[in-house]
Peer 1: 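Pasting a structure below so you can have a look.
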There are 2 protein chains.
Amino acid sequence: MEIENKLCSKVEECYHILGKKWVGLVIHTLMEEPKRFSEIHAFIPNLSKRVLNERMKELEENGIVLRNVIADRPVRTEYSLTKKGTELGRSLKALENWADKWL
Amino acid sequence: MEIENKLCSKVEECYHILGKKWVGLVIHTLMEEPKRFSEIHAFIPNLSKRVLNERMKELEENGIVLRNVIADRPVRTEYSLTKKGTELGRSLKALENWADKWL
DNA sequence: ATAACTAGGTAACTTTATGTAACCATAATA
DNA sequence: TATTATGGTTACATAAAGTTACCTAGTTAT
């Protein structure tokens, strides 16, 4: 029975995504329903607008989140999870169950 | 049907733990079997000794990891997952399955 | 008309976190 | 005697995150 002696790159990549500050909470927050920039910010008040904006761009690039600019006045932006993002959120439920039991 | 308007502190806390760099990979690495300091370092070469040591102290304080100093010469230190840590590792499997499918 | 407010940012600057390189003590080995 | 291994620590450099002020365009209050 061999012991693996190097990490799978997919495993490394997923922890690289989740290892950035606030990412987990943002995805958790979007699992309920799509939300606007200021709504996410209201749910996670300690997350600054600067970093929130940065995280949303990264999550969009990763195909986890979809940005929908609504040409209303004032302009609104709605963020929603893609299929990929929704499945990520579902897999994070296991982690949250662990938290509920152990923290 | 109410929409939750604030985050559960347990949820916040678990993402606070997992949101620190390298934590996920360290737990993943220890799921196989207990490992010494230098073995973890060999599995995750980009993780510096300074930060590895810091992370292990934090994980020990969180009750996720157990540090066992072996009074051999030279002194060795073996890190293993507690029950709490093992269950965390199991819950992270869902995330890794997501990674395998989507990344 | 003018001041203040909203939404979703951006810019400049400060503070933390992380990365890097050198060093330590002990004992074993060459 | 010099070198290696282990599990760190220290001092310093860079990257990431936090803070405050500002922006544009339209809206509401005075």
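Order of the sequence lines sets the chain letters (A, B, ...), proteins ahead of strands, with each chain counted from 1.
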Peer 1: In a table with atom names and distances, give each donor-acceptor pair under 3.5 Å that connects a side chain of residues 40-52 of chain B to protein atoms at least two apart or in another chain.
Peer 2:
unit_1: H41(B); atom_1: NE2; unit_2: L47(B); atom_2: O; d: 3.2
unit_1: S48(B); atom_1: OG; unit_2: V51(B); atom_2: N; d: 3.3
unit_1: R50(B); atom_1: NH1; unit_2: E54(B); atom_2: OE1; d: 3.3

Peer 1: Report the residues that fulfil side chain to side chain contact (heavy atoms under 4.5 Å, CB included) with K101(A), sequence neighbours left out, ordered by chain and then residue number.
Peer 2: E87(B)

Peer 1: Among all residues two or more places apart in sequence or in another chain, which pass the salt bridge (Lys or Arg N to Asp or Glu O under 4.0 Å) test with R90(B)?
Peer 2: none

Peer 1: Got a sec, which residues hit side-chain hydrogen bond (donor to acceptor under 3.5 Å, both in side chains) with E78(B), two or more places apart in sequence or on another chain?
Peer 2: none

Peer 1: Base contacts versus sugar-phosphate-only contacts with protein, heavy atoms under 4.0 Å: please encode nucleotides 7-15 of chain C as B, S and - from 5' to 3'.
Peer 2: SBBS-B---

Peer 1: Under 4.5 Å side-chain heavy-atom separation, chaining through any Ile, Leu, Val, Met, Phe, Trp or Tyr, what else clusters with L66(A)? Say none if it is isolated.
Peer 2: none

Peer 1: Taking only residues two or more places apart in sequence or in another chain, which ones pass side chain to side chain contact (heavy atoms under 4.5 Å, CB included) with P74(B)?
Peer 2: none

Peer 1: I'd like a table of donor-acceptor pairs (distance under 3.5 Å, sequence neighbours excluded) in which one partner is a side-chain atom from residues 10-26 of chain B, with atom names and distances.
Peer 2:
unit_1: K10(B); atom_1: NZ; unit_2: D100(A); atom_2: O; d: 2.9
unit_1: Y15(B); atom_1: OH; unit_2: E96(A); atom_2: OE2; d: 2.6

Peer 1: Whole angstrom is fine here: how far is it from NZ in K21(B) over to C1' in dG19(C)?
Peer 2: 8 Å

Peer 1: Take E58(B) and R55(B) through the test salt bridge (charged side-chain N to carboxylate O under 4.0 Å, His left out) and record every step on the way to the result.
Peer 2: CA-CA 5 Å; E58(B) 293 160 358; R55(B) 278 312 94 93; 2.8 Å; yes

Peer 1: Could you give the start and end, 5' to 3', of the contact zone on DNA chain D for chain B, using atoms under 4.0 Å from its heavy atoms?
Peer 2: dT6(D) to dA11(D)

Peer 1: Remaining members of I70(B)'s ILVMFWY cluster at a side-chain heavy-atom cut-off under 4.5 Å?
Peer 2: none

Peer 1: Do any N or O atoms of the protein come closer than 3.5 Å to N or O atoms of nucleotides 2-4 of chain C, and which pairs are they?
Peer 2:
none

Peer 1: Tracing side-chain links under 4.5 Å among I, L, V, M, F, W and Y, which residues wind up in one group with V75(A)?
Peer 2: V69(A)

